[in-house]
Amino acid sequence: MATAARVRETRLPPPPLPLATLIGRELRAGGSERPALRYGHAGLAKRGEDYFLVKPDCLRVPGDPSSAFSVFAVFDGHNGVSAAVYSKEHLLEHVISALPPDIGRDDWLQALPRALVAGFVKADIDFQRKGEVSGTTATLVVIDGFTVTVASVGDSRCILDTQGRELQLLTVDHRLEENAEERERVTASGGEVGRLNLFGGQEVGPLRCWPGGLCLSRSIGDMDVGEFIVPIPHVKQVKLSNVGGRLIIASDGIWDALSNEAAAKACRGLPAELAAKLVVKQALKTSGLKDDTTCVVVDIIPSDHLTSPQLSPKKNQNKLKSLFRRRSHSSVGKLGGKSASFGSVEELFEEGSAMLEERLGRNLSLKAPPFRCAICQVDQEPFEGLMTDNGGGYCSSPYAPWGGPHLCLECRKKKDAMEGKRSSRSTACR
């Protein structure tokens, strides 16, 4: 028995390594920390509510090329285009504003998941101030070297395809029909979940949240469907090995027609720009143009696979194709609740809770000024009616105690409303 126990112990996967350790190991081994990116996008419009963002030239430190990172995103609007357009133009700046200035790359990457949460909530608050009722999904991908961080609300999706490995889903679909945890959260917060009820009591279509009839449990905007439809994203951060990988980011017009496996298989062996077109073409071939279809493909390619003086251009092209060659997979990688290693991909962070207290955290290694709101990043004096970190303040309030970072009064009301504690429409200080 003791021998069997020792054998079982040896089969346990190694614990996940810190990001700084992984980066340091690559650099000491002489690996290239800065891969090249090749990307392409394609789409077909049915309603004209899909938008995408491609920003390959961002800098953490202005004027310093070594601090480069890239951002790609897909937004699938509904009930109009306003929320999708606003998110395309402003979501990234809200995320960046929530990141502490003058920190190193390791700290920046570790702070990024929390900044993504703050940025999504800030975008939702600012857009709802406009009084418009449209909403949007949002899947935002940040690539820094071989580290990929994905934040998403709604049902636009991002998958990762790596050489010789199973596909990995980097997002979670926030559809009420398919996500039991989200159904429970919405009803616990005061919403009702049910199908469309026709005359005579016949129920049709997917599960929806009432009021409003939205099929999604998370989005940006949608001020007319209740605060229990939250903008808090699922966030997953992974680190690829030097082999690289391919990301496919697409709206539900693709995923309603194709499985993850079918989308990846449709474009293996092709450069990114053509790959995006082939995914859209395959979706159209499978189910017709029933919805807007948008696809962004990003290849993360080690620099030594791009140019070599010993290789002719044709051989170089064949070497690139070998990264994403056509091959069969027996299954699709599943998301886990704990950090784990998936072969050539190391999972660094994953969290999908809709509770801000869990997402913003109580103990932060990177401290902000004492009265700077963790969401809107505005400095205010305590006499302006702000809540302090321990839930006290200069104006009595029915808020429950809050042990997280400082939130201004408006963001605190938004937090409590999303958790079903009070209506965000009430602004009186009692």
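Keep in mind the model is a prediction, meaning the values are calculated, not measured. Values below: every heavy atom of this structure, side chains too, minus hydrogens, waters and symmetry copies.
Taking 4.5 Å as the limit, every side-chain heavy atom of R157 sits out of range of all side-chain heavy atoms of I254. Counting heavy atoms from C-beta outward, E346 and L348 have side chains that approach closer than 4.5 Å. At a threshold of 4.5 Å between non-hydrogen side-chain atoms, the residues L356 and I232 count as touching. At least one side-chain heavy atom of C209 sits less than 4.5 Å from a side-chain heavy atom of L176. Looking at heavy atoms from C-beta onward, I125 lies out of side-chain contact with C376 at the 4.5 angstrom threshold. By the 4.5 Å heavy-atom criterion applied to side chains, N79 and L214 are not counted as neighbours. The shortest side-chain heavy-atom distance between R208 and P206 falls under the 4.5 Å cut-off. Inter-residue side-chain proximity for L112 and L116 is flagged as met; some heavy-atom pair is nearer than 4.5 Å.
The main-chain N or O of G80 is never found under 3.5 Å from a side-chain atom of E132 such that the two would form a donor-acceptor pair. Side-chain atoms of S134 never come within 3.5 Å of backbone atoms of V81 as a donor-acceptor pair (strictly under, hydrogens ignored). Under a 3.5 Å cut-off, the side chain of N179 and the backbone N or O of D173 do form a donor-acceptor pair. The backbone N or O of E177 lies less than 3.5 Å from a partner atom in the side chain of R183, making a donor-acceptor pair. Formation of a donor-acceptor pair under 3.5 Å by the R114 side chain with backbone atoms of L99 is not found in this model. Although no hydrogens or angles enter the test, the distance criterion places a donor-acceptor pair under 3.5 Å between the side chain of E351 and the main chain of S353. For the pair R185 (side chain) and A180 (backbone), a donor-acceptor distance under 3.5 Å is absent. Side-chain N or O atoms of R195 include one that pairs as donor or acceptor with a backbone N or O of G205 at under 3.5 Å. In this structure, the side chain of H41 does not engage the main chain of V296 through any donor-acceptor pair within 3.5 Å. Side chain of E350 to main chain of E347: no donor-acceptor pair is present (N/O by atom type, distance under 3.5 Å, no hydrogens or angles).
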Inset, instruction - Any chance you could lay out the side-chain hydrogen bond (donor to acceptor under 3.5 Å, both in side chains) test for T137 and S156, step after step, and finish with the verdict? - result: CA-CA 6 Å; T137 73; S156 295; 2.8 Å; yes

Inset, instruction - List the steps and the verdict of salt bridge (Lys or Arg N to Asp or Glu O under 4.0 Å) for K239 and D144. - result: CA-CA 10 Å; K239 184 167 177 59; D144 187 321; over 6 Å; no

Legend entry - Derivation of the side chain to side chain contact (heavy atoms under 4.5 Å, CB included) call for I248 and D161: CA-CA 8 Å; I248 301 177; D161 190 10; 5.8 Å; no

Legend entry - CA sep, side-chain torsions, deciding dist, call: D292, L44, side chain to side chain contact (heavy atoms under 4.5 Å, CB included): CA-CA 6 Å; D292 295 336; L44 291 171; over 6 Å; no

Inset, instruction - Show your reasoning for whether side chain to side chain contact (heavy atoms under 4.5 Å, CB included) applies to M223 and K130. - result: CA-CA 10 Å; M223 67 176 297; K130 298 177 178 293; over 6 Å; no

Inset, instruction - Would you please test E192 and T187 for side chain to side chain contact (heavy atoms under 4.5 Å, CB included) and show each step? - result: CA-CA 6 Å; E192 295 183 10; T187 54; over 6 Å; no

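Closest approach of P231 to F120, counting heavy atoms only: O-CB, 3.2 Å. Annotation for A266 and L278: closest pair O-CB, 4.0 Å, computed over non-hydrogen atoms. Of all non-hydrogen atoms in L91 and A123, the two that sit nearest each other are CD1-CB, 3.9 Å. Between H78 and T136, the closest heavy-atom pair is CE1-N, 3.6 Å. In terms of heavy-atom proximity, G145 sits nearest to I300 at O-CG2, 4.2 Å. Nearest heavy-atom pair across L258 and V279 is CD1-O, 3.7 Å.
A salt bridge links D299 with R246: the closest approach of a Lys/Arg side-chain nitrogen to an acidic carboxylate oxygen falls below 4.0 angstrom. By the 4.0 Å N-to-carboxylate-O rule, D155 lies close enough to R175 to be salt-bridged with it. Salt bridge annotation for K290-D256: absent, with no cationic side-chain nitrogen under 4.0 angstrom from a carboxylate oxygen. Taking the charged nitrogens against the carboxylate oxygens, R372 and D379 do have a contact shorter than 4.0 Å, which makes a salt bridge. Here R129 pairs with E410 in a salt bridge; the nearest charged N to carboxylate O distance falls below 4.0 Å.
Within 6.0 Å of atom CD in E181, 12 or fewer heavy atoms from other residues, nucleotides or ligands are found, so the atom counts as exposed in its surroundings. Within 6.0 Å of the CD atom in E93, the count of heavy atoms belonging to other residues, nucleotides or ligands exceeds 12.
The closest side-chain donor-acceptor pair between T294 and D50 falls under 3.5 angstrom.
Atom SG of residue C411 and atom CG of residue L360 lie 9.5 Å apart, to the nearest 0.5 angstrom. Atom-to-atom distance recorded for K55:NZ and L140:CG is 11.5 Å, nearest 0.5 angstrom. Distance check: I375 CD1 to D124 CG gives 10.0 Å after rounding to the nearest 0.5 Å. Taking OG of S259 as the start and NZ of K265 as the end, the distance is 9.5 Å to the nearest 0.5 Å. For the atom pair I220 CD1 and I229 CD1, the distance stands at 13.5 Å (nearest 0.5 Å). Between the OG atom of S251 and the CG atom of D291 there is a distance of 6.5 Å, given to the nearest 0.5 Å.
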Would you mind writing out the side-chain donor-acceptor pairs for residues 61-75 within the sub-3.5 Å range, not counting sequence neighbours?
| residue | atom | partner | partner atom | Å |
| --- | --- | --- | --- | --- |
| D64 | OD1 | S66 | N | 3.0 |
| D64 | OD1 | S66 | OG | 2.6 |
| D64 | OD2 | S66 | OG | 3.1 |
| S67 | OG | R60 | N | 3.4 |
| S67 | OG | V61 | N | 3.0 |
| S67 | OG | V61 | O | 3.2 |
| S67 | OG | D64 | O | 2.7 |
| S70 | OG | P56 | O | 3.0 |

